[in-house]
There are 2 protein chains.
Amino acid sequence: MNEGVEWAMHSCVNLSWLPGEAVTAKRLAAFYNLPTAYLNKQLQALTRAGILTSVSGPKGGFQLARDPQKITLLDIVVAIDGPDDAFRCTQILKEGPGADPKVDYTKVCVVSQAMRSAELTYRRTLAGQTIADIAERVVSTSPDAPASTRNRFANLKS
Amino acid sequence: MNEGVEWAMHSCVNLSWLPGEAVTAKRLAAFYNLPTAYLNKQLQALTRAGILTSVSGPKGGFQLARDPQKITLLDIVVAIDGPDDAFRCTQILKEGPGADPKVDYTKVCVVSQAMRSAELTYRRTLAGQTIADIAERVVSTSPDAPASTRNRFANLKS
DNA sequence: ATAACCTGGATACTAAATGTCCTGAATCCC
DNA sequence: GGGATTCAGGACATTTAGTATCCAGGTTAT
Ligand code: SF4
Ligand code: SF4
């Protein structure tokens, strides 16, 4: 899995502490000391996926496109890592016994179904958790996180 | 995910149709027209993991090390793809606010916990399905699969 | 003894992830 | 309008992981 997923998760949580404020890629990157240009690519992907909105120009930057309660972890994973399943079906049955090129063995093959069922539970679990849930749980263990995050962003020079 | 996982799944199912018979890597590869030497590496990994047993020399080959009911899909995935989670934790919090090198943020971080919970359901689902389950489901849709598989293996020249 | 087969390391090849750079367009401020 | 700031995105370069081949060494059946 793309490590940009982790960056995106944390950035979205941070952005949820800064509602209505446009934060530049440079500042988001500086927060965790990440490569700016590369993080910018992930932010672009989130924007294309409709998770963030972006504004060009001075005072521009990124912010959450909708309520954190409506952004699931699955949304982010799909936006950054793509919609493909981890288990790749290379259709080896086509080289096997009943070789019928017209059949899509992805649907028929029992192995494929079994792996797919596992990935389904995975996605369901991710879809059941939102950025708001994450943020809330962070607050419950360290209640000053939102304030200190805002403070840190305010003090970021670059 | 490693595509060897797919090869391993199908090979294990095939081997479950051939109990007590040692099948050479060359024949297992020929069944799906796979690269012999590379498939052999996956079979070695399965052997190291205790899923297969191997015998050297003429009349040698691989066979299941235990009852197909006791081989879960998770066993195979771990043997081929390794035990690591898909979500990689690069510990970016160490570059962040509270930077404490002594803390293992993998345990503390809420994002990490959320992703981990999803992977847990994934693994649980995989662990709940065995090679025997797969084989049984194949039989229920095409009852002649075991016989035709044995027949095809018997007719493989190389 | 020979041939077949597994083991594992070395190596090559290929694809994907990671990271950088640069041009162009949008926006703000003077 | 002009300059500065920032996003958008394409074009690379670099690094890492996956895929594939080969060979030398050990095991076993005949
Ligand atoms: S569908 Fe089944 S047989 Fe075909 S490639 Fe996927 S796993 Fe293998
Ligand atoms: S533990 Fe949390 S913060 Fe640390 S790297 Fe993993 S996801 Fe990021």
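Everything numeric in this text was worked out from a predicted model, so none of it was measured. Chain naming here is simple, since letters A, B, ... match the order of the sequence lines and numbering starts at 1 in each.
- Of the residues in residues 47-60 of chain A, those placing a heavy atom less than 4.0 Å from an atom of DNA chain C are Ser56(A), Gly57(A), Pro58(A), in numerical order.
- Asn151(A) contributes no side-chain N or O that, together with a main-chain N or O of Ser148(A), makes up a donor-acceptor pair within less than 3.5 Å.
- Between Glu21(B) and Arg27(B), at least one side-chain N (NZ, or NE/NH1/NH2) sits under 4.0 Å from a carboxylate O, which counts as a salt bridge.
- Side-chain atoms of Glu119(B) come within 3.5 Å of backbone N or O of Phe87(B) as a donor-acceptor pair.
- Distance alone, capped at 3.5 Å, places no donor-acceptor pair between the Asn2(B) side chain and the Asp81(B) backbone.
- Trp17(B) has its ring centre no less than 6.0 Å from the ring centre of Phe153(B).
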Checklist outcome for this item: The contact string for nucleotides 10-22 of chain D, one letter per nucleotide 5' to 3', using protein heavy atoms under 4.0 Å with B, S and - for base, sugar-phosphate only and none, comes out as BB------SBBB-
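- Between the side chain of Arg152(B) and the backbone N or O of Phe31(B), at least one donor-acceptor pair lies under 3.5 Å.
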Next on the checklist: Could you walk me through whether Arg150(B) and Asp144(B) satisfy the salt bridge (Lys or Arg N to Asp or Glu O under 4.0 Å) test, starting with their C-alpha distance in whole Å, then the side-chain angles of each, then the deciding distance to 0.1 Å, before giving a yes or no?
Outcome noted: CA-CA 10 Å; Arg150(B) 276 190 291 268; Asp144(B) 58 335; over 6 Å; no
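- With hydrogens and angles ignored, the 3.5 Å screen pairs no side-chain donor or acceptor of Ser142(A) with any backbone N or O of Ala145(A).
- Look at Arg123(B) and Asp85(B) and you find a salt bridge, because one of the NZ, NE, NH1 or NH2 atoms lies within 4.0 Å of a carboxylate O, short of that distance.
- Protein atom CG of Leu43(A) is 12 Å distant from nucleotide atom C1' of dA8(D), rounded to whole Å.
- Note that the first and last nucleotides of DNA chain C, 5' to 3', having any atom under 4.0 angstrom from a heavy atom of chain B are dA3(C) to dT18(C).
- Going from atom CD of Glu21(A) over to atom C1' of dT6(D) covers 15 Å, rounded to whole Å.
- Here the side chain of Ser11(A) pairs no donor or acceptor atom with the backbone of Ala8(A) at under 3.5 angstrom.
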